[in-house]
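Note sheet for the following structure.
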Amino acid sequence: MTNENNDPRVALVTGGAGGIGQGLCRRLAADGFDIGIAYHSSASEAESLARECEQFGVRACPIKTDLADPDEVHAMFETAVAEFGGLNVFVHNAATTVFAKLGRASYEDWRRTFAVNTDSLYYALGEVSKRMADGGRVITISSLSVAACLPGSASYSASKAAVEAITRVAARELGPRGITSNCLQLGLVDTPSARMVMTEASFEPIAQQSNLRRIGMPTDVAGMVSFLAGPDSSWLTAQTIRLDGGFAV
């Protein structure tokens, strides 16, 4: 979709076919952005989501990407810009991890966690610096795990701490062009992937540790991303915003 000056309004979302990612894509489509839906293996979900996003009158394109491969990160941006004619918003949402006590994760698991969560952001922001329109938005997703430092979360927590730092560096480097760069540090969000590793009974104690007595929903995250992607956030940058319902760490 284009704005009143006939310029494209384009958002690229990694992990777009996942539980949180789907919510982000739907909301940005409703806000009038054409959507590049980067996904790793959920082809049918990405295709279905693209058709759903198009119901808002925008264009949507699933882009299969292995974020652990810098060449595929480059190709992801090439595809999005070729498809839509520009880039205004980049959301780094995809993540992976294997939970293991210190020293017990394999080297391959440790490296893939950083490759997908952190290395990909580094290479993606190199593409952003060349391709994003002035006044654009970089939005990254971190985790309360950085603050909570739970046993077994070393690789995930460290990779997300690096995401927060890289986001602030991007704010410095891209800020002179009016591009903001902010990070959302999320508490527990109710997604299919969360329910694969947690039981229903384990959700309630976590909810009770928050001021709002509930865990998050993808729509909670989508609402904040919508704000960060919009004009009202133009003076907000270099921030890590904790979005967790007031969780007591």
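Reckoned from all heavy atoms, side chains included, excluding hydrogens, waters and symmetry mates. If you're wondering where the values come from, they're calculated on a predicted model, not measured in any experiment.
Not one N or O on the side chain of D34 forms a donor-acceptor pair closer than 3.5 Å with the backbone of V10. S42 contributes no side-chain N or O that, together with a main-chain N or O of E45, makes up a donor-acceptor pair within less than 3.5 Å.
In this view, R104 and A100, K101 satisfy the side-chain contact (heavy atoms from CB on, under 4.5 Å) rule, not counting sequence neighbours. Checked against side-chain contact (heavy atoms from CB on, under 4.5 Å), E127 has the following partners two or more places apart in sequence or in another chain: H74, F77, K130, R131. Every side-chain contact (heavy atoms from CB on, under 4.5 Å) that S143 has, sequence neighbours left out, goes to S145, Y156, K160.
Hydrophobic clustering, defined by side-chain heavy atoms of Ile, Leu, Val, Met, Phe, Trp and Tyr closer than 4.5 Å, leaves V146 isolated from every other such residue.
Inspection of the S226 and D31 side chains reveals an N or O donor paired with an N or O acceptor under 3.5 Å. Side-chain N/O atoms of Q55 and R51 include no donor and acceptor closer than 3.5 Å. Side-chain contact, S181 with T167: no donor N or O sits under 3.5 Å from an acceptor N or O.
Tested against I215, the residues I206, V189, D220 include a single side-chain contact (heavy atoms from CB on, under 4.5 Å) partner, I206. For the side-chain hydrogen bond (donor to acceptor under 3.5 Å, both in side chains) test with S142, the passing option among Q185, R242, E164, H92 is E164; the others fail.
Taking a 6.0 Å sphere around CZ of R111, one finds it holds more than 12 heavy atoms contributed by other residues, nucleotides or ligands.
For residues 108-132, every residue pair satisfying the ring pair (Phe, Tyr, Trp, His ring centres under 6.0 Å) rule, not counting sequence neighbours, is listed here: W110-F114. Within the structure, salt bridge (charged side-chain N to carboxylate O under 4.0 Å, His left out) pairs that include any residue of residues 178-190 comprise D190-R195 (at least two apart or interchain).
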